[in-house]
J.: 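I'd like to ask you about the structure that follows.
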Amino acid sequence: MLELGTPLQHGAISSINRVFKSAMSEQLGDKHHNPMPEQARLYQRWAEGQVGICVSGNVMIDRSALGEPGNVVLDDHSDLDAFRQWTSAADRQGSQLWIQLNHPGKQIPAALAKVPLAPSAIPLGRGLEKSFNTPRAMTEAEIRATINDFANAAKLAKQVGFKGVQIHGAHGYLVSQFLSPRHNQRQDQWGGNAENRMRFVVEVYHAIRAAVGDDFPVGIKLNSADFMKDGFDESESMAVLTTLDNAGIDLIEISGGTYESPSMMGANQRQSTIDREAYFLEYAEQARKQVRCTLVVTGGFRSSKAMNAALQSGATDMIGLGRPLSLYPDLAKLAIADAGFIADVGNPTTGVKGVDRAAMLSITWYEAQLRRIGRGKLPKPNLSGWYAVFDTFGRLGKHAFVKRRG
Ligand SMILES: Cc1cc2nc3c(=O)[nH]c(=O)nc-3n(C[C@H](O)[C@H](O)[C@H](O)COP(=O)(O)O)c2cc1C
């Protein structure tokens, strides 16, 4: 019977088990945006915990376009030795470290870019207008250069020892902005109908494939939908999945939502969906009928029971996990050994709702846990909300509470 502990071998994808660590931005880049030693220690810990495939937090492909102040960047100016230390620390117990490559497009906090680039000059809505500046529409040359940056970062990633590459095509960043009819209103070959809006991601995929070769695993994290009126919806998402599958992509991770509508973190989900744990499983069931590549569903999983049930339903090949792995670095071992395992992901709060919101505690509290692990400490399930507020402020100063990830 297919279970969390069952190894996976499918085309270029292999894994010691079905546990897939989904990207969580660690913000452990130094002032030159190279990974710090804490980053290596954090991933060594997950590898020792026998995560099958471990995807890095989003690594930026262009240092003039950061999604967060502490991002890691992989480009021709990066210190490749620092990246090699990271990948070699994570190369343990058969666990594999992949890199997630991202360009934020217009989801760059206002303090980090006066005029961000995006498919069209359309600002973010839903109260985010003050936190993010109105973007400028990219020129054809800028689009081509960005596709090149993705491919160059993928080539460097392979060179420094990552075992796979994941395109961040979800959560409202640049790739997802191109896909969205709401955010991409271009009249040229990169916008308008669904086929044109898909062109950017397809070209990014082909450029990465050409850079890393046929045998190197390439995947994407894609939204099932943006959950916005006039946004990218399930039928368009299904068309993108099918196109990338036909083009030869190895793995598709399904998520959903954007900064404007953060469904990936459980917002807007029905209680019955939250109780069932997997936010996007119904969509994955449909996707499974359309694609041959490895599928991963991420968002909401907490118990071995729900993880094994999702695997046995056939809708997904691996279980994507974010927050639970920030509190249980040994989750893979624990959940494989114990069919009754349930991860408690806490309820981070300072006790003052306004502070929780302003400090984005639903993100920064988990980042604080990642930093603890990176410093060689244990995660702390009862970590005070105020600790996360001061820790983030101490590290990032005035940039601490720039809006990110909804
Ligand atoms: C601190 C934090 C950072 C995150 N950073 C990223 C990221 O860099 N890239 C990404 O695709 N998703 C990111 N996510 C979203 C997670 O990958 C995942 O989709 C989400 O947390 C839902 O899964 P979960 O319920 O298992 O936590 C982040 C989530 C958290 C909590």
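The structure presented is a predicted model; accordingly, all values stated were derived computationally and were not measured. Start at 1 and go down the list; that is how both ligands and their atoms are numbered.
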J.: Below 4.0 angstrom from a heavy atom of G299, which ligand 1 atoms are there? Numbered from 1 as shown, please.
T.: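 Going through ligand 1 atom by atom, the ones under 4.0 Å from G299 are 22 (C), 23 (O), 25 (O).
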J.: Give the atom numbers and elements of ligand 1 that come within less than 4.0 Å of a heavy atom of N58.
T.: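 Heavy-atom distances to N58 below 4.0 Å select 8 (O).
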J.: Before you tell me yes or no, could you show the steps for R186 and I143 under side chain to side chain contact (heavy atoms under 4.5 Å, CB included), namely the whole-Å CA-CA distance, both residues' side-chain angles and the distance that decides it to 0.1 Å?
T.: CA-CA 12 Å; R186 298 178 73 95; I143 293 174; 3.6 Å; yes
J.: In terms of atom number and element, which parts of ligand 1 are under 4.0 angstrom from non-hydrogen atoms of G300?
T.: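 Atoms satisfying the 4.0 Å criterion: 24 (P), 25 (O).
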J.: Could you tell me which atoms of ligand 1, counted from 1 in the order shown, lie closer than 4.0 angstrom to a heavy atom of T298?
T.: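 Near T298, the atoms of ligand 1 are 18 (C), 19 (O), 23 (O).
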J.: Heavy-atom distances under 4.0 Å decide this one: backbone, side chain, both or neither, for E68 against ligand 1?
T.: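 For E68, no heavy atom sits under 4.0 Å from ligand 1.
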J.: Looking at E142 and R136, is any side-chain nitrogen of the basic one under 4.0 Å from a carboxylate oxygen of the acidic one?
T.: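 Yes.
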J.: What pairs with S304 under side-chain hydrogen bond (donor to acceptor under 3.5 Å, both in side chains), at least two apart in sequence or on another chain?
T.: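 side-chain hydrogen bond (donor to acceptor under 3.5 Å, both in side chains) check on S304 returns nothing, list empty.
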J.: Just do the ring pair (Phe, Tyr, Trp, His ring centres under 6.0 Å) check on Y259 and F132 with the steps written out, would you?
T.: CA-CA 11 Å; Y259 283 11; F132 298 89; 5.6 Å; yes
J.: Side chain to side chain contact (heavy atoms under 4.5 Å, CB included) for W86 and L97? Distances and angles first, verdict last.
T.: CA-CA 9 Å; W86 174 16; L97 174 57; 3.5 Å; yes
J.: Out of K221, R302, M265, who gets a non-hydrogen atom closest to atom 19 (O) of ligand 1?
T.: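 Going through K221, R302, M265 one by one, K221 has the nearest heavy atom to atom 19 (O) of ligand 1.
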J.: In chain order, what residues pass the ring pair (Phe, Tyr, Trp, His ring centres under 6.0 Å) check against Y328, with sequence neighbours excluded?
T.: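 With sequence neighbours excluded, Y328 shows a ring pair (Phe, Tyr, Trp, His ring centres under 6.0 Å) to F341, given in chain and number order.
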J.: Please confirm whether the backbone N or O of V218 pairs with a side-chain atom of D250, one donor and one acceptor, at under 3.5 Å?
T.: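 Flag set: sc D250 to bb V218 pair under 3.5 Å.
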J.: Which atom names give the shortest non-hydrogen contact between S180 and G231, and what distance separates them?
T.: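 Minimum heavy-atom separation between S180 and G231: OG-CA, 4.5 Å.
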J.: What part of P324, side chain from CB on, backbone N/CA/C/O, both or neither, has a heavy atom under 4.0 Å from ligand 1?
T.: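 Just the side chain.
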J.: What is the minimum heavy-atom distance between Q269 and S263, and which atoms define it?
T.: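 What the structure gives for the nearest pair is NE2-O, 3.2 Å.
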J.: Could you tell me, atom by atom, which parts of ligand 1 come under 4.0 Å of a heavy atom of L321?
T.: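 It comes down to these atoms of ligand 1: 26 (O).
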J.: Would S25 count as being in polar contact with ligand 1, using the rule that some N or O on each side must be under 3.5 angstrom apart?
T.: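 Looking only at distances, the answer is yes, because the N/O contact criterion of under 3.5 Å is met.
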J.: Any idea which atoms of ligand 1 are less than 4.0 Å away from a heavy-atom of S22?
T.: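 Matching atoms, with element in brackets: 17 (O).
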J.: Against heavy atoms of M264, which atoms of ligand 1 measure under 4.0 Å?
T.: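 Those atoms are 20 (C), 22 (C).
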J.: Within a strict 4.5 Å, meaning less than it, do heavy atoms of the N17 and T6 side chains meet?
T.: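 Of all side-chain heavy-atom pairs linking T6 with N17, none is under 4.5 Å.
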J.: Please determine if E367 has a nitrogen or oxygen closer than 3.5 Å to a nitrogen or oxygen of ligand 1.
T.: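 The answer is no, given that E367 and ligand 1 share no N or O pair closer than 3.5 Å.
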J.: Looking only at distances, please establish whether an N/O atom of ligand 1 is found under 3.5 Å from an N/O atom of Y366.
T.: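 N/O-N/O distance under 3.5 Å: no.
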J.: Should E26 be listed as contacting ligand 1, given a heavy-atom distance under 4.0 Å as the test?
T.: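 It does not; every heavy atom stays at 4.0 Å or beyond.
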J.: Can you list the atoms of ligand 1 that are under 4.0 Å from a heavy atom of A23?
T.: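 Those of ligand 1 that fall under 4.0 Å from A23 are 4 (C), 5 (N), 6 (C), 7 (C), 9 (N), 10 (C), 11 (O), 12 (N), 13 (C), 14 (N), 15 (C), 16 (C), 17 (O), 28 (C).
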